[in-house]
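Presented below is the structure to which this report refers.
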Amino acid sequence: MKYQSRKKAILLLADGTIFHGKAVGREGTAFGEVCFNTGMTGYQEIFTDPSYYGQLMVTTNAHIGNYGTNEEEMESDSIKIAGLIVKNFSYEYSRDRADSSLQEFLEKHHLLAISDVDTRALVSYIRDHGAMNAVISTEVDNVGKLKEQLAAVPDMKGLELASKVSTTAPYFVGDPEATYKISALDIGIKKNILRNLAKRDAYIKVFPYNATFAEMSAWEPDGYFLSNGPGDPEPLTDAIAAAKEILDRDLPLFGICLGHQVIALANGISTYKMHHGHRGINHPVKNLITGKGEITSQNHGFAIHREETENHPDIEITHVHLNDNTVAGIKMKNKNCFSVQYHPEASPGPNDSVYLFDQFIDNIKNAKITV
């Protein structure tokens, strides 16, 4: 059988640690920052999420591929992760909605994947030592060369990746006759975010990552949205400048994940690279405004400084992550602006946070009334 004669493969971490496995399909080598996601489902959405661009994904669920893939469940037009690391890879699938196996999906998008890795030990190691650059390869007898190549891979800190995943030209989503018009800055936007906005009677024009406020405002939108995305937020000087101009004019603004960080930077709040980030579909968040808890989907390796946020006279912390007390949401006291460090569109079963899209539309509606 095909998976009895698979080629040996390794995962080599930047600190020299090696984990052994086997190639799932094609042979080769892939570099990136190794990280893990604790979700039990949603692997296709993870693999196609632009926020994961340039990362080697470790899935903590023991079985990956068992329900196949479906083209309608893509969060972008292609796979965005740099490589995949799993324990047990399922070549067969048993879901009637699937249109192909995960192996066929990976081959179509030319992604290198390795299985039979001790992912429990690997995740424990990342939790202890932090996310770091790594390489997966079938060149198991050439570790010295792999170490040299890995040493040349840039660190995620300081890395601008939005330009790698953003649209190159503006495009529209939704009904042109919709009540509300929204300009969305694509710094790694997910399709389901656009669907959530469109189904709330909004017509969206999506702009490239480096669009100026003048370009976004020429369409005369009712509100502005800053998307999720990959990499370090600090190099996104164009996005930060656009956010500042939106805030200066007190226009309705909503940001998710990377967009949340851009809004913080526009207010002089710095960001930092987390030890190993938050990536999963059951992260507990407390809404400090309502006092309610939310089960959320998260995917980020950077966060905004809590102390700086608490000391900012114009910012109120609205949500906190209950595992480590990091800032999970903010709003401006004197502007029509709020943002969150998680994904309300993901709804991995719980729909606890989809109200945020309604809140954004309400902010737009109220701004139109007061004009």
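For the numbers below, each heavy atom of this structure counts, side chains included, while hydrogens, waters and symmetry mates do not. All values derive from a computational prediction rather than experimental measurement.
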Quiz prompt | SB check K191 E75 (cutoff 4.0 Å) | solution = no
Quiz item: Sequence neighbours excluded, which residues qualify as side-chain contact (heavy atoms from CB on, under 4.5 Å) partners of Y272?
Solution: M274, A303, H305, T326
Quiz item: Mind checking whether Q55 and M156 have side chains closer than 4.5 Å, heavy atoms only?
Solution: yes
Exercise. Could you check K7 against E27 for salt bridge (Lys or Arg N to Asp or Glu O under 4.0 Å), going step by step and ending with a plain yes or no?
Key: CA-CA 8 Å; K7 190 163 186 178; E27 300 174 10; 3.3 Å; yes
Self-check item: Carboxylate-amine/guanidinium contact E72 R97, below 4.0 Å
Solution: yes
Quiz item: Side-chain contact, heavy-atom cut-off 4.5 Å: F225 with I193?
Solution: yes
Quiz prompt | Reported CE-to-CD1 distance for the pair M57 and I79, which is rounded to 0.5 angstrom | solution = 12.0 Å
Quiz item: Taking 4.0 angstrom as the limit, do K368 and D222 come out as a salt bridge?
Solution: yes
Quiz item: Is there a donor in the side chain of H260 and an acceptor in the side chain of S339, or the other way round, less than 3.5 Å apart?
Solution: yes
Practice problem: If the plane angle is over 60° it's perpendicular, under 30° parallel, otherwise tilted; pick one for F338 and F360. | Solution: perpendicular
Quiz prompt | Pairwise side-chain contact, F254 with Y224, heavy-atom cut-off 4.5 Å (strictly under) | solution = no
Quiz item: Are F105 and F47 near enough that their ring centres are under 6.0 Å apart?
Solution: no
Quiz item: Which ILVMFWY residues are connected to F172, directly or by a chain of links, through side-chain heavy atoms under 4.5 Å apart?
Solution: Y203, W219
Quiz prompt | Remaining members of hydrophobic cluster (4.5 Å side-chain criterion), L12 | solution = I10, I18, F31, V135, V140, V143, L146, L150, V153
Quiz item: Of the options D358, L251, N336, which is the one that meets N363 in a side chain to side chain contact (heavy atoms under 4.5 Å, CB included)?
Solution: N336
Quiz item: Do I269 and N311 pass the side chain to side chain contact (heavy atoms under 4.5 Å, CB included) test, and can you show the C-alpha distance, the side-chain angles, and the key distance before you say yes or no?
Solution: CA-CA 10 Å; I269 297 171; N311 293 332; over 6 Å; no
Quiz item: Can you tell me if N61 uses its side chain to pair, donor with acceptor, with the backbone of M40 under 3.5 Å?
Solution: yes
Self-check item: CG on D99 to CD on E104, rounded to 0.5 Å
Solution: 9.0 Å
Practice problem: Determine the minimum heavy-atom distance between P170 and K205, stating which atoms define it. | Solution: CB-CE, 3.8 Å
Quiz item: Quick one: do the D15 and T17 side chains pair a donor with an acceptor below 3.5 Å?
Solution: yes
Quiz item: Can you check side chain to side chain contact (heavy atoms under 4.5 Å, CB included) on L102 and I64, steps first, answer last?
Solution: CA-CA 8 Å; L102 180 57; I64 296 297; 3.5 Å; yes
Practice problem: Carefully, step by step, assess E345 and K199 under the rule salt bridge (Lys or Arg N to Asp or Glu O under 4.0 Å). | Solution: CA-CA 12 Å; E345 84 291 340; K199 74 180 182 181; over 6 Å; no
Quiz item: Taking it one step at a time, do K335 and D248 satisfy salt bridge (Lys or Arg N to Asp or Glu O under 4.0 Å)?
Solution: CA-CA 9 Å; K335 303 289 183 181; D248 286 344; 5.5 Å; no
Self-check item: Audit row: I330, I304, side chain to side chain contact (heavy atoms under 4.5 Å, CB included) steps and yes/no
Solution: CA-CA 10 Å; I330 60 173; I304 70 174; 4.1 Å; yes
Self-check item: Donor-acceptor pair between S163 and E160 side chains, under 3.5 angstrom
Solution: yes
Quiz item: So, do H343 and N228 sit near enough that their side-chain heavy atoms are less than 4.5 Å apart?
Solution: yes
Quiz prompt | Y67 and Y93 aromatic centres sub-6.0 Å | solution = no
Practice problem: For D49 and N299, test the side chains for any donor-to-acceptor distance below 3.5 angstrom and give the result as yes or no. | Solution: yes
Practice problem: State the CD1-CG distance between I187 and L161, to the nearest 0.5 angstrom. | Solution: 11.5 Å
Quiz item: Would E245 and R249 pass as an ion pair if we require N to O under 4.0 Å?
Solution: yes
Quiz item: Taking only residues at least two apart or on different chains, which pairs with a member in residues 120-146 satisfy salt bridge (charged side-chain N to carboxylate O under 4.0 Å, His left out)?
Solution: none
Quiz item: Can you find a heavy atom in the side chain of T318 that is under 4.5 Å from one in the side chain of L288?
Solution: no
Quiz prompt | side-chain contact (heavy atoms from CB on, under 4.5 Å) against N287, all qualifying residues, sequence neighbours excluded | solution = I289, T290, E294, H319, Y355
Quiz item: Would a hydrophobic clustering, with Ile, Leu, Val, Met, Phe, Trp and Tyr connected at side-chain separations under 4.5 Å, put L247 with F207?
Solution: yes
Quiz prompt | Donor-acceptor side-chain pairing of R26 and T138 below 3.5 angstrom | solution = no
Exercise. Name all residues meeting the salt bridge (charged side-chain N to carboxylate O under 4.0 Å, His left out) criterion together with E220; count only those two or more places apart in sequence or in a different chain, and write none if there are none.
Key: none
Quiz item: After noting the C-alpha distance and the side-chain angles of S297 and H283, does the key distance pass the side chain to side chain contact (heavy atoms under 4.5 Å, CB included) rule?
Solution: CA-CA 6 Å; S297 176; H283 284 257; over 6 Å; no
Exercise. Show which residues join M132 in its hydrophobic cluster (side-chain heavy-atom contacts under 4.5 Å, direct or indirect), or state none.
Key: L11, L13, F19, V34, F36, L56, V58, I85, L112, I114, V117, L122, V123, Y125, I126, I136
Practice problem: Enumerate the residue pairs fulfilling side chain to side chain donor-acceptor pair (under 3.5 Å) with a member in residues 168-183, sequence neighbours excluded, ordered by first and then second residue. | Solution: T179-D201
Quiz item: Is the shortest heavy-atom distance from the side chain of S115 to the side chain of N88 under 4.5 Å?
Solution: no
Self-check item: Taking every non-hydrogen atom, the tightest pair across A266 and A243
Solution: CB-CB, 3.9 Å
Quiz item: Restricting to pairs with a member in residues 274-293, which pass salt bridge (charged side-chain N to carboxylate O under 4.0 Å, His left out), not counting sequence neighbours?
Solution: none
Quiz item: Between D186 and T167, does any side-chain donor sit less than 3.5 Å from a side-chain acceptor?
Solution: no
Quiz item: Is the side chain of S76 donor-acceptor paired with the backbone N or O of T48 at a distance under 3.5 Å, no angle test?
Solution: yes
Exercise. Please report the closest heavy-atom contact between P344 and V354, naming both atoms and the distance.
Key: O-CG1, 3.3 Å
Quiz item: Can you name the closest pair of heavy atoms from A184 and I189 and give their distance?
Solution: CB-CD1, 4.3 Å
Self-check item: Residue list, side-chain hydrogen bond (donor to acceptor under 3.5 Å, both in side chains) with Q298, at least two apart or on another chain
Solution: H278, T296, H300
Quiz item: Tell me, which pairs form a salt bridge (charged side-chain N to carboxylate O under 4.0 Å, His left out) where one or both residues lie in residues 296-309, sequence neighbours left out?
Solution: R306-E310
Exercise. Side-chain contact test, heavy atoms from C-beta onward, threshold under 4.5 Å: evaluate it for T271 versus L265 and give yes or no.
Key: yes
Quiz item: So do the side chains of I256 and L226 get within less than 4.5 Å of each other, counting heavy atoms only?
Solution: no
Quiz item: Partners of K157 by side-chain contact (heavy atoms from CB on, under 4.5 Å), sequence neighbours excluded?
Solution: D155, D232, E234, K273, F302
Quiz item: If every non-hydrogen atom of N323 is compared with every non-hydrogen atom of P284, which pair is closest and at what distance?
Solution: OD1-CG, 3.4 Å
